[in-house]
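First the structure, in the form of structure tokens, and then the observations on it.
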Amino acid sequence: MAPAFEYAPAPESRAVVDIAPSYGLFIDGEFTEAADGKVFKTVSPSSEEVLSEIAQAGEADVDRAVQAARKAFEKWSALPGAERAKYLFRIARIIQERSRELAVLETLDNGKPIKETRDADLPLVAAHFFYYAGWADKLDHAGYGANPKPLGVAGQVIPWNFPLLMLAWKIAPALATGNTVVLKPAETTPLSALFFADICRQAGLPKGVVNILPGYGDTGAALVGHPDVNKVAFTGSTAVGKQIARTVAGTRKKLTLELGGKGANIVFDDAPIDQAVEGIVNGIFFNQGQVCCAGSRLLVQESIQDELLDSLKRRLSTLRLGDPLDKNTDIGAINSEEQLTRITSLVEQGEAEGAERWSPACELPESGYWFAPTLFTNVTQAHRIARDEIFGPVLSVLTFRTPDEAVAKANNTQYGLSAGIWTEKGSRILAVANKLRAGVVWSNTFNKFDPTSPFGGYKESGFGREGGRHGLEAYLDV
């Protein structure tokens, strides 16, 4: 048999991005130190290299940022929608112009492969700003009544798995509808949000309309609990989402939560195997499985289990793990040591409970945080790896015999964010999709996103929708 095709290294240049030794908080259009002088370091997960020192926002800084946003709200909300749209269009164009720089930055700070940040994240970031710029002067026609009003100051807390994309999901509709923003990026990935602050200045956005406050959980808690915040938007873990819901309960704050998931990827016996395998790989190993809507549970019809698993294992053996800046890399680094520890613990528990673990031959780099792509067979619904969100490159494989059994197993979870269906029959797709309690159901594909399409979940995956016309409602007084 001929040897496997060898790929020469094809690294993207780090020279396209200039990371400063330190960054301040972005409040009222200016970078400033934290009131108490606290700082923290952001580290590249692929090398454990310190990238920069970041100011850490405290309660006083949160109050200052909210006041700046409140002051800016009066003039920003009074602008005609067409004028707000000009700023959003300008931001979108600058993101496109600086997309290579931002892609490298995101890969360095997050650990995901450059081909994902370059080909998936950045185009979607720009697309969200373009899309909501188009809505800014058409809010009367969005289905929420004549002349819908903005809420005021939006406090937004975003995760580390898609730092710039989650920022776009939050900020673009907020600004289009006339709100002002105070955003807290994740502590492990603050850099792209701070670079976005520079883009806001480059676009001439009025001071105070967007404020960026890096920090830890206490910063987010102070923002969520601030009495002058009118809207809270959070993407992250279900546990933190529950805390936020308790904090907001009894106030007049509007709330949207996009939380965890344990998506089922259902493969029927008439599915095109090769196409399904690509969808399975994309569903769970994209961004190292650090995706809330990852297809982390594979439900395969019993009659094709062996054939599909053989094909899947062959495909996993071709995945390339390593330097995220290499354009050939498929699997990058885990975002943090803490997340790697969680993944490792859950995988060890899966083995201890009797599931059978398999990974392709895979040499892990000596520095950084790495985990080989992994799948488990002989999994039951009682196994913790089939119930808990692992948030890593780990796939649990279960079987079913009938469509009703597939639906029952798919819905047997506390989550309800995503699902996938693989079959050649359109009638089966529609029949099964209508029975799945998931906010997003893909058919014969997975992880396809578009700014015109709403995204969100049921049950412990949260409530509210982001994206599309539906994403406007969260930022309007309707």
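Around CG of Asp18, the count of heavy atoms belonging to other residues, nucleotides or ligands within 6.0 Å does not exceed 12. Counting non-hydrogen atoms of other residues, nucleotides and ligands closer than 6.0 Å to CD of Glu101 gives a total above 12. Open room surrounds NZ on Lys75; 12 or fewer heavy atoms of other groups in view lie less than 6.0 Å from it.
Of all heavy-atom pairs between Phe196 and Ile91, the closest is CE1-CG2, 3.7 Å. Contact record, Val62 with Thr219: CG2-O, 4.0 Å, taken as the closest heavy-atom pair. Of all heavy-atom pairs between Asn230 and Gly152, the closest is OD1-CA, 3.4 Å. Nearest heavy-atom pair across Val229 and Ala154 is CG1-C, 4.5 Å. Nearest heavy-atom pair, Pro373 versus Cys362, reported as atom, atom and distance to 0.1 Å: CD-SG, 4.4 Å. Nearest heavy-atom pair across Ile19 and Leu51 is CG2-O, 3.5 Å.
Ile390 has its side chain within reach of Ile385: a pair of non-hydrogen atoms, C-beta onward, lies under 4.5 Å apart. Looking only at side-chain heavy atoms (C-beta outward), Ile429 and Asn444 come within less than 4.5 Å of each other. Between Thr117 and Leu105 there is no side-chain heavy-atom pair separated by less than 4.5 Å. Val182 places a side-chain heavy atom less than 4.5 Å from the side chain of Leu223. No side-chain heavy atom of Trp422 sits less than 4.5 Å from a side-chain heavy atom of Ile266. Inter-residue side-chain proximity for Trp442 and Asn447 is flagged as met; some heavy-atom pair is nearer than 4.5 Å. Between Val232 and Lys254, the closest side-chain pair of non-hydrogen atoms is not below 4.5 Å. A heavy-atom distance below 4.5 Å is found between the side chains of Lys41 and Glu53.
The cationic group of Arg465 lies under 6.0 Å from the six-membered ring centre of Tyr458 and within 45° of the ring axis, placing it in a cation-pi geometry. Judged by a 6.0 Å distance limit and a 45° cone about the ring axis, Arg320 is positioned over the six-membered ring of Tyr7. For the pair Arg428 and Phe268, the cation-pi test (distance below 6.0 Å, angle within 45°) is passed.
Note that the CG atom of Leu151 and the OG atom of Ser77 stand 11.0 Å from one another [nearest 0.5 Å]. Ile280 contributes atom CD1, which lies 4.5 Å from atom CG of Leu298 (distance to the nearest 0.5 angstrom). Atom OG1 of Thr235 and atom CG of Leu257 lie 8.5 Å apart (nearest 0.5 Å). Taking CD1 of Ile94 as the reference point, atom SG of Cys200 lies at 8.5 Å (rounded to 0.5 Å). Residue Leu259 holds its CG atom at 4.5 Å from OG1 of Thr238, rounded to the nearest 0.5 Å. In this structure, the separation between CG on Leu102 and CG on Leu164 is 6.0 Å, given to the nearest 0.5 Å.
Checking Thr42 against Ser52 by side-chain atom types alone, no donor-acceptor pair falls below 3.5 Å. No hydrogens or angles considered: a donor-acceptor pair under 3.5 Å links the side chains of Ser192 and Glu106. A donor-acceptor contact closer than 3.5 angstrom is absent between the side chains of Thr329 and Asp323. Under the 3.5 Å distance criterion, with hydrogens and angles disregarded, no donor-acceptor pair is assigned to the side chains of Gln202 and Arg90. Side-chain contact annotation: Thr374 with Ser359, donor-acceptor N/O pair under 3.5 Å present. Between the side chains of Asn110 and Trp160, no donor N or O sits under 3.5 Å from an acceptor N or O. Donor-acceptor pairing under 3.5 Å is lacking for the side chains of Ser461 and Lys262. A side-chain donor-acceptor contact under 3.5 Å links Thr256 and Lys231.
The distance between the ring centers of Trp76 and Tyr87 falls below 6.0 angstrom. The distance between the ring centers of Phe40 and Tyr216 falls below 6.0 angstrom. Here the two rings, on Trp169 and Phe455, have centers that are under 6.0 Å apart.
The side-chain contact (heavy atoms from CB on, under 4.5 Å) test with Pro173 singles out one residue from Phe129, Tyr475, Tyr131, Trp135, and that residue is Tyr475.
In this structure, Phe26 and Phe31 have tilted ring planes: the angle between them lies in the 30° to 60° band. Ring geometry for Tyr23 versus Phe195: interplanar angle of 30 to 60°, hence tilted.
Between the side chain of Asn411 and the main chain of Lys435, a donor-acceptor pair closer than 3.5 Å is present. When atom types are taken as modelled, the side chain of Lys253 and the backbone of Val224 share a donor-acceptor pair closer than 3.5 angstrom.
Applying the side-chain hydrogen bond (donor to acceptor under 3.5 Å, both in side chains) test to every pair with at least one member in residues 273-290, sequence neighbours left out, gives these pairs: Glu278-Arg315.
Between Glu460 and Arg387 there is no salt bridge, since no side-chain N of the basic residue sits under 4.0 Å from a carboxylate O of the acidic one. With respect to Asp198 and Arg98, a salt bridge is recorded, a charged nitrogen being found less than 4.0 Å from a carboxylate O.
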Quiz item: Could you walk me through whether Arg118 and Glu12 pass the salt bridge (Lys or Arg N to Asp or Glu O under 4.0 Å) check?
Solution: CA-CA 10 Å; Arg118 179 195 64 192; Glu12 176 62 275; 5.5 Å; no

